[in-house]
**Student:** 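There's a structure below that I have some questions on.
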Amino acid sequence: MLKDKRVIITGASSGIGEQMAYHLARMGSHILITARTEEKLKKVVEKCTKLGSASAYYIHGSMDNMTFAKQVVHEAERLFGGLDMLILNHIGFTYFGFFDGDVDHIRKLLEINFLSYATMTVEALPMLKASGGNIVVVSSFAGKVGLPLTVPYSSTKFALDGFFSSLRMEFHHQKVNVSITLCVLSYIDTDSALNTVSHVIQQPAAPKEECAYEIIKGGALRQREVYYQYVATKIPMLLRDWAPEFLEYLVLKKLQRGCTQQEGMKNDESAKELKKTRYCKI
Ligand SMILES: NC(=O)C1=CN([C@@H]2O[C@H](COP(=O)(O)OP(=O)(O)OC[C@H]3O[C@@H](n4cnc5c(N)ncnc54)[C@H](OP(=O)(O)O)[C@@H]3O)[C@@H](O)[C@H]2O)C=CC1
Ligand SMILES: CC(C)CCC[C@@H](C)[C@H]1CC[C@H]2[C@@H]3C(=O)C=C4C[C@@H](O)CC[C@]4(C)[C@H]3CC[C@]12C
């Protein structure tokens with residue numbers, strides 16, 4: 001289904017985005033990837049070409065700049081003459097820890113994680129309407145359920161649900177033949193996730209390769225939502241709607257247990273660990 005399709009993937013220099021690029025390359029798609037780090041993008045493009053992509057290009061820049069967000073879409077138009085799939089996946093740098101009161105950080109993160117998604121969607125819509133294409137939005141369990149330690153991040157992911165779920169309904173009503181797939185992910189074993197939270201979160205992380213495949217499949221099949229890993233995200237979603245207090249109790253109990261363990265730490269090494277948990281890169 002994806003052979004010769006023209007696809008943009010954002011945040012594809014590492015992690016799930018990088019894996020999506022490799023899957024699409026094997027399927028023979030035309031690929032335009034983007035992120036900030038040019039050297040990494042170059043390597044991903046080289047690998048995509050070897051894997052069999054119909055063509056592979058990159059454009060580097062930061063998604064806190066809406067002019068750049070639009071430029072990425074224009075580049076696809078220039079290179080491919082149209083677009084079949086827009087995969088929105090990048091996220092900006094944030095901390096994994098208790099909310100520190102920094103509202104400017106929320107504003108900045110909203111620009112990268114949310115406003116650039118809306119900007120690219122608006123810009124790409126004429127091409128997607130012409131092709132009857134797909135918009136794929138990578139979100140998180142933290143974009144469906146409020147979780148401690150992720151206040152700014154979670155806010156941006158909830159915003160995506162509001163924007164894209166509402167837009168999807170308007171598309172149905174207006175008979176716009178563009179699908180919107182929102183992906184609700186659990187903990188995935190990307191380097192950045194493992195570096196950030198593996199010392200805090202005990203549950204195992206799911207494989208990024210399979211995760212990337214499920215996201216692409218959901219987009220190509222025009223599913224409204226993708227849940228990965230299915231059980232780890234779907235069961236708590238049922239609790240969210242039918243027993244919210246019970247879900248909150250389970251999450252808080254986990255957090256409480258983690259904090260008690262940390263408070264019990266006395267030596268220097270453990271104190272360092274605690275500091276890491278409060279202010280970590282996401
Ligand atoms: N891993 C996980 O456990 C989970 C991940 N997700 C979601 O999956 C998606 C991918 O996550 P993951 O693969 O782990 O993340 P990574 O950190 O591996 O990848 C993030 C990508 O975004 C790029 N990026 C970072 N800052 C900017 C910026 N300012 N402008 C443009 N691009 C930027 C990075 O490249 P560069 O630094 O070169 O710009 C990189 O390519 C995200 O939407 C995330 O929310 C959801 C749930 C769990
Ligand atoms: C029923 C539950 C208690 C389920 C809990 C699920 C928890 C463990 C899952 C759901 C969403 C996940 C976070 C996420 O969305 C994105 C990122 C960005 C990445 O760079 C670093 C890891 C991080 C913070 C994930 C950490 C693990 C989270 C909180």
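Order of listing sets the numbers, starting from 1, for every ligand and every atom in it.
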**Student:** With heavy atoms of Tyr153 as the reference, note each atom of ligand 1 found under 4.0 Å away.
**Tutor:**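 Answer, ordered by atom number: 6 (N), 44 (C), 45 (O), 46 (C).
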**Student:** Report the C-alpha separation of Val136 and Leu88 in whole Å, then their side-chain angles, then the decisive distance to 0.1 Å, and conclude whether the side-chain contact (heavy atoms from CB on, under 4.5 Å) test is met.
**Tutor:** CA-CA 6 Å; Val136 178; Leu88 299 166; over 6 Å; no
**Student:** Any N/O of Lys254 closer than 3.5 Å to an N/O of ligand 2?
**Tutor:** no
**Student:** Keeping to residues at least two apart or across chains, list the side-chain hydrogen bond (donor to acceptor under 3.5 Å, both in side chains) pairs with something in residues 129-140.
**Tutor:**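 For residues 129-140: Asn134-Ser179.
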**Student:** Tell me yes or no: between the side chains of Tyr153 and Asn113, is some donor less than 3.5 Å from an acceptor?
**Tutor:** no
**Student:** Given 3.5 Å as the limit, does a donor-acceptor pair link the side chain of Tyr95 with the main chain of Asp100, or not?
**Tutor:**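 Yes, Tyr95 side chain to Asp100 backbone: donor-acceptor pair under 3.5 Å.
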**Student:** If the contact criterion is a heavy-atom separation under 4.0 Å, does Ala205 count as touching ligand 1?
**Tutor:** no
**Student:** State if Asp64 counts as touching ligand 1 under the rule of any non-hydrogen atom under 4.0 Å.
**Tutor:**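 No, that is not the case, since the closest heavy atom of the residue is not under 4.0 Å from the ligand.
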**Student:** Which of these, Lys40, His60, Lys108, Arg36, has its nearest heavy atom closest to atom 33 (C) of ligand 1?
**Tutor:**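 Heavy atom nearest to atom 33 (C) of ligand 1 belongs to Arg36.
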**Student:** Below 4.0 angstrom from a heavy atom of Tyr153, which ligand 2 atoms are there? Numbered from 1 as shown, please.
**Tutor:**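 Those of ligand 2 that fall under 4.0 Å from Tyr153 are 14 (C), 15 (O), 16 (C).
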**Student:** If the cut-off is 4.0 Å to any non-hydrogen atom of Ser192, which atoms of ligand 2 fall inside it?
**Tutor:**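 Here the atoms of ligand 2 in question are 20 (O).
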**Student:** Test Thr34 against Met63 for side-chain contact (heavy atoms from CB on, under 4.5 Å), laying out the working first.
**Tutor:** CA-CA 9 Å; Thr34 179; Met63 286 291 176; 4.1 Å; yes
**Student:** Specify side chain, backbone, both or neither for Ser192, according to which of its non-hydrogen atoms lie closer than 4.0 Å to ligand 1.
**Tutor:**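 It is the side chain that gets close, since no backbone atom is under 4.0 Å.
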**Student:** If we ignore angles and hydrogens, is there a donor and acceptor under 3.5 Å between the side chains of Ser29 and His23?
**Tutor:** no
**Student:** Atoms of ligand 1 less than 4.0 Å from Ser13 heavy atoms?
**Tutor:** 34 (C), 35 (O), 36 (P), 38 (O), 40 (C), 41 (O)
**Student:** Looking at Glu210, Glu214, Lys234, which hits side-chain hydrogen bond (donor to acceptor under 3.5 Å, both in side chains) with Tyr228?
**Tutor:**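 Exactly one pass, corresponding to Glu210.
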**Student:** Would you please determine whether Lys157 falls within less than 4.0 Å of ligand 1 on a heavy-atom basis?
**Tutor:**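 Distance cut 4.0 Å: Lys157 passes for ligand 1.
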**Student:** Between Tyr187, Phe141, Phe96, which one has a non-hydrogen atom sitting closest to atom 4 (C) of ligand 2?
**Tutor:**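 Looking at heavy atoms only, the winner is Phe141.
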**Student:** Heavy-atom count check: over 12 atoms from other residues, nucleotides or ligands less than 6.0 Å from Lys5 NZ?
**Tutor:** no
**Student:** Which residues satisfy the side-chain hydrogen bond (donor to acceptor under 3.5 Å, both in side chains) test with Asp189, sequence neighbours excluded?
**Tutor:**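 So Asp189 forms no side-chain hydrogen bond (donor to acceptor under 3.5 Å, both in side chains) with any residue.
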**Student:** Quick one: which ligand 1 atoms are inside 4.0 Å of a heavy atom on Ala12?
**Tutor:**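 Result: 41 (O).
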**Student:** Which bit of Thr190 is near ligand 1, meaning a heavy atom under 4.0 Å away: side chain, backbone, both or neither?
**Tutor:**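 For Thr190, only side-chain atoms sit under 4.0 Å from ligand 1.
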**Student:** Are any of the heavy atoms in Ser139 under 4.0 Å away from ligand 1?
**Tutor:**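 The answer is yes: ligand 1 sits under 4.0 Å from a heavy atom of Ser139.
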**Student:** Please work out whether any backbone atom (N, CA, C, O) or any side-chain heavy atom from C-beta onward of Pro236 is under 4.0 Å from ligand 2, and answer side chain, backbone, both or neither.
**Tutor:**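 Side chain only.
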**Student:** At the 4.0 Å heavy-atom cut-off, does Ile201 count as touching ligand 2?
**Tutor:** yes
**Student:** Nearest heavy atom to atom 19 (O) of ligand 1: which of Ser14, Ser186, Ala193, Gly15 does it belong to?
**Tutor:** Ser14
**Student:** Any idea which atoms of ligand 1 are less than 4.0 Å away from a heavy-atom of His90?
**Tutor:** 22 (O), 32 (N)
**Student:** Under 3.5 Å, is there a donor on one side chain and an acceptor on the other for Tyr58 and Glu38?
**Tutor:** yes
**Student:** Walk me through whether His105 and Thr94 qualify under side chain to side chain donor-acceptor pair (under 3.5 Å).
**Tutor:** CA-CA 8 Å; His105 174 66; Thr94 184; 2.7 Å; yes
**Student:** Considering the heavy atoms of Val138, write down every atom of ligand 1 situated less than 4.0 Å from one of them.
**Tutor:**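 Matching atoms, with element in brackets: 7 (C), 8 (O), 9 (C), 43 (O).
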**Student:** Any ion pair linking Lys42 and Glu39 (charged N to carboxylate O, less than 4.0 Å)?
**Tutor:**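 No, Glu39 and Lys42 are not salt-bridged.
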**Student:** With a cut-off of 4.0 Å, which atoms of ligand 2 are near a heavy atom of Ser140?
**Tutor:** 11 (C), 14 (C), 15 (O)
**Student:** Can Ser13 and His60 be said to form a side chain to side chain donor-acceptor pair (under 3.5 Å), step by step?
**Tutor:** CA-CA 10 Å; Ser13 65; His60 71 103; over 6 Å; no
**Student:** For atom 26 (N) of ligand 1, which of Asn65, Asn195, Ile91 has the closest heavy atom?
**Tutor:**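 Looking at heavy atoms only, Ile91 sits closest to atom 26 (N) of ligand 1.
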**Student:** Counting only heavy atoms, which portion of Ser62 has something under 4.0 Å from ligand 1: side chain, backbone, both, or neither?
**Tutor:** both
**Student:** Considering both backbone and side-chain atoms of Gly17, is one of its nitrogen or oxygen atoms within less than 3.5 Å of a nitrogen or oxygen in ligand 1?
**Tutor:**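 Among all N and O atoms of Gly17, none is under 3.5 Å from an N or O of ligand 1.
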**Student:** May I ask you to list the atoms of ligand 1 that are less than 4.0 angstrom from any heavy atom of Thr37?
**Tutor:**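 Answer for ligand 1: 36 (P), 37 (O), 38 (O).
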**Student:** Should Thr150 be counted as touching ligand 2, given the test is an N or O pair under 3.5 Å?
**Tutor:** no
**Student:** Could you list the atoms of ligand 1 found under 4.0 angstrom from a heavy atom of Tyr187?
**Tutor:**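 Heavy-atom distances to Tyr187 below 4.0 Å select 3 (O).
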**Student:** Cationic tip of Lys47 within the cone over Tyr22's six-membered ring, i.e. under 6.0 Å and within 45° of the normal?
**Tutor:** yes
**Student:** Over 60° means perpendicular and under 30° means parallel, so classify the ring planes of His30 and Phe80, tilted if in between.
**Tutor:** tilted
